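Written out below as structure tokens is the structure these notes cover.
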There are 2 protein chains.
Amino acid sequence: MTSFAQLLKEHALKATFQRMTILAVIEREGHLNVDEIYAQVLEAHPTLSLATVYKNIITMVERGVLVEVPILGHKSKYEIRKHEHVHLICHQCGAVMDQAIDDVLIEDTLTIAKQSAFALENRQVNLYGVCAGCQEGKASA
Amino acid sequence: MTSFAQLLKEHALKATFQRMTILAVIEREGHLNVDEIYAQVLEAHPTLSLATVYKNIITMVERGVLVEVPILGHKSKYEIRKHEHVHLICHQCGAVMDQAIDDVLIEDTLTIAKQSAFALENRQVNLYGVCAGCQEGKASA
DNA sequence: CTGGGTGCAAAGTATTTGCATGAAC
DNA sequence: GTTCATGCAAATACTTTGCACCCAG
């Protein structure tokens with residue numbers, strides 16, 4: 001049904017139905033935390049256990065299939081690892097949006113790292129604020 | 001003894017010995033997680049409870065005295081809120097270093113946010129890699 | 001004084017683990 | 001057939017809460 005099987009194999013992981021389901025759910029929603037993944041996955045696979053969700057998130061992060069996205073004051077979310085990007089995180093509705101990272105930012109972080117002789121491996125750029133949607137309906141909580 | 005008392009008052013918090021101790025410890029170490037704060041604080045104030053550490057971290061973050069620094073794969077650390085900066089986080093030794101943020105980076109994140117009509121409020125730029133010290137002693141775990 | 005803060009112990013959550021069973025390769 | 005993964009239940013770890021007592025303002 002999907003290329004998730006291949007993705008998993010590339011990372012030396014067996015392509016179980018559980019993992020495929022977890023990946024499908026994350027792919028569909030973009031960014032989810034453990035509980036959200038579990039809740040969604042139950043619909044497609046009612047007997048999948050929470051422990052399995054935890055175990056798989058841990059191994060898939062280790063293997064580089066998933067990326068952890070910490071959210072200030074909340075539980076981390078997870079996304080499927082793709083091309084590098086920046087996160088826009090809305091205080092209001094909690095949405096996490098991806099936004100392309102540009103060369104200026106990449107260059108600049110390299111420059112900053114160099115100032116401390118720091119061997120930069122990966123960037124985590126999260127921007128907090130209020131998304132376009134929430135700016136309109138100002139009244140919303 | 002310090003200006004922590006004033007800092008707390010500015011944020012409408014009573015200047016208790018417990019809070020002063022917590023702030024002193026964080027100030028001294030730079031970035032600490034809850035357990036580390038608790039361990040260090042016990043030396044100066046052996047009867048301080050872990051619950052008090054938790055309660056105070058929560059309120060001091062709410063009031064803007066402290067800032068949470070999420071560390072991928074580990075517990076969040078906390079720092080005293082000062083001028084904005086970037087974090088360099090070493091995979092190897094776990095050290096978190098501050099590095100000045102420059103105008104290029106500030107401008108660029110504003111540009112990125114603008115592309116999504118996102119009202120940017122605060123930035124979180126964490127760079128992961130290997131610090132200068134750990135690059136020398138390559139052998140270390 | 002008075003309200004907020006602390007400490008304790010208990011309750012709640014969240015996460016990890018061990019092991020027998022089952023599925024992928 | 002092997003090896004790795006799952007599911008359950010139990011164990012751990014982490015964080016929050018309630019309440020009586022205490023201290024800063």
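Order of the sequence lines sets the chain letters (A, B, ...), proteins ahead of strands, with each chain counted from 1. Computed from a predicted structure; not experimentally measured.
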Query raised in the report: Any side-chain N or O of Asn56(A) under 4.0 Å from OP1/OP2 of dT6(D)?
Result: yes
Query raised in the report: Is the distance from OP1 or OP2 of dG7(D) to the nearest side-chain N or O of Thr52(A) less than 4.0 Å?
Result: yes
Take atom [atom1] of [X] and atom [atom2] of [N], then tell me their distance rounded to the nearest Å.
| X | N | atom1 | atom2 | value |
| --- | --- | --- | --- | --- |
| His74(A) | dT15(D) | NE2 | P | 15 Å |
| Glu62(A) | dC4(D) | CD | C1' | 14 Å |
| Lys75(B) | dA13(D) | NZ | P | 11 Å |
| Glu68(B) | dT15(D) | CD | P | 10 Å |
| Ile58(B) | dT17(D) | CD1 | C1' | 11 Å |
| Glu36(B) | dC14(D) | CD | P | 12 Å |

Query raised in the report: Between Glu36(B) and Lys77(B), is there a side-chain N and carboxylate O pair less than 4.0 Å apart?
Result: yes
Requested in this report: Name the nucleic acid region contacted by Thr59(A), choosing base, sugar-phosphate or nothing; use a 4.0 angstrom heavy-atom cut-off, strictly under.
Outcome: nothing
Query - Proximity of His45(B) and Phe17(B) rings by center, below 6.0 Å - result: yes
Hydrogens and angles aside, do [X] and [Y] bring a side-chain donor and acceptor to less than 3.5 Å of each other?
| X | Y | answer |
| --- | --- | --- |
| His85(A) | His87(A) | yes |
| His91(A) | Glu121(B) | yes |
| Gln18(A) | Thr52(A) | no |

Query raised in the report: Quick check: does any side chain N or O of Gln124(A) sit under 3.5 Å from a backbone N or O of Val125(B), one acting as donor and the other as acceptor?
Result: no
Report task. Please confirm whether the backbone N or O of Lys14(A) pairs with a side-chain atom of Arg19(A), one donor and one acceptor, at under 3.5 Å? Result -> yes
Query - Protein-to-nucleotide contact annotation, 5' to 3' order, nucleotides 18-25 of chain D [B base; S sugar-phosphate only; - none; under 4.0 Å, heavy atom] - result: B-----BS
Query - Lys114(B) atom NZ, neighbour heavy-atom count above 12 within 6.0 Å - result: no
Report summary line: Span of DNA chain C engaged by chain A, first through last nucleotide within the 4.0 Å heavy-atom cut-off, is dA14(C) to dC25(C)
Under 3.5 Å donor-acceptor pairs involving side-chain atoms of residues 57-71 of chain A, not counting sequence neighbours:
{"residue": "Thr59(A)", "atom": "OG1", "partner": "Lys55(A)", "partner atom": "O", "Å": "3.4"}
{"residue": "Thr59(A)", "atom": "OG1", "partner": "Asn56(A)", "partner atom": "O", "Å": "3.2"}
{"residue": "Arg63(A)", "atom": "NH1", "partner": "His11(A)", "partner atom": "O", "Å": "3.0"}
{"residue": "Arg63(A)", "atom": "NH1", "partner": "Ala12(A)", "partner atom": "O", "Å": "3.2"}
{"residue": "Glu68(A)", "atom": "OE1", "partner": "Gly73(B)", "partner atom": "N", "Å": "3.2"}
{"residue": "Glu68(A)", "atom": "OE2", "partner": "Ser76(A)", "partner atom": "OG", "Å": "2.7"}

Query - Residue closer to the 5' end of DNA chain D, Leu48(A) versus Tyr54(B) (nearest nucleotide) - result: Leu48(A)
